[in-house]
Amino acid sequence: MYLQRRNRILRQSAAIRSLVAETALSPNDFIVPLFIDEGENIKTEIASMPGYYRNSLDVTVKEVKEMWGMGLKSVLIFIKCKDELKDNTGKEAWNENGLMQRSIKAIKDAVPEMLVMTDVALDPYSSYGHDGIVKNNEIVNDETVEALVQMSISHAQAGADFVAPSDMMDGRIGAIRQGLEENGFSKTGIMSYSAKYASCFYGPFRDALDSAPGFGDKKTYQMDYANRKEAIKETVMDVAEGADIVMVKPALAYLDIIREVKNAVDIPVSAYNISGEYAMIKAAAKMGWLNEDKAILETLTAIKRAGADLIATYFAKDAVKLLT
Ligand code: PBG
């Protein structure tokens, strides 16, 4: 048999495969989500995220030092707000002595070069568990945006490098950019969750922060998973309003969206390998049905291949260990 082209030539050894590989993961790709709790010396495993913890700030700071030592360069902070501090205005979100603000300061003090990104949305602070202010059973847009601006300014004041609005209200990126400028935070960046879908895969995260919506769902602000063009519309608007980095979330069921967004914009694209995606791999591995390490690397490589320049992932530390 004579073949003019033999594609298997480039697959015949590990050496040639690595030489021609189109995508390579690096510790520089990852953003590490952190769940922070009040208290001291506390490490609580999240039931639906085995191997992932909600830590008190002292434990978190130690972890962040270790992460920097491993080559990880950025963390994305989420805090668990005490029930008695939750209300419908979300005002604990911009308390200058709040857990979020203390966490930002403590991490920047301990590891100044670590990029600190912060989640901006009202759900952990909302007595309704919604990302915005509720009036007559509706999540109102413009008042919520005002709250998000205050929240972003307070994160910048505490030392955050990037604020990451995950709420999906209209017009919040432009308003936050303007608020940061007016308060002298011209160096604080915005990583916008620009195409964030209403997804069942956020379930374990809501367990971690006790932030599940108290009524209804998030479909009047997060996107319908049936839609693709809408993701481009949302993303292009966020870029025009001043986003520095855009994001697609979730990642795995949305690889087509990551690619389309990557082709549509000329700024870095991130993807969030979310809690439910973590839980699925952990559960299958626990059952002995999947090889966890291989599943982690294949998943993260696929997200990068789809077009993600950055990946927020609960597997960041595992991936770095597997890569080095
Ligand atoms: C809050 C927020 C959520 C996630 C990140 N920021 C949950 C939600 O929108 O309900 C999900 C992250 C994950 O599932 O890993 N606005």
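Numbering of ligands and ligand atoms starts at 1, following listing order. Predicted model, so just to flag it, every value in this text is computed and none were measured.
A cation-pi arrangement is absent between Lys282 and Tyr314, since the terminal nitrogen or guanidinium carbon is not both under 6.0 Å from the aromatic centre and inside a 45° cone about the axis.
Partners of Asp266 by salt bridge (Lys or Arg N to Asp or Glu O under 4.0 Å), not counting sequence neighbours: none found. Under the rule for a salt bridge (Lys or Arg N to Asp or Glu O under 4.0 Å), Lys62 has no partner lying at least two apart in sequence or in another chain. Under the side-chain hydrogen bond (donor to acceptor under 3.5 Å, both in side chains) criterion, Asn291 pairs with no residue, sequence neighbours left out.
Within 4.0 Å of ligand 1, counting heavy atoms only, the contacting residues are Phe78, Asp119, Ala121, Asp123, Asp131, Ser166, Lys196, Tyr202, Phe205, Arg206, Lys218, Gln222, Lys249, Tyr272, Ile274, Ser275, Tyr314.
Using bins of under 30°, 30° to 60° and over 60° for the plane-to-plane angle, the ring pair Phe35/Phe78 lands in the tilted bin.
A 4.5 Å side-chain heavy-atom check between Asn97 and Gln101 finds every atom pair outside the cut-off.
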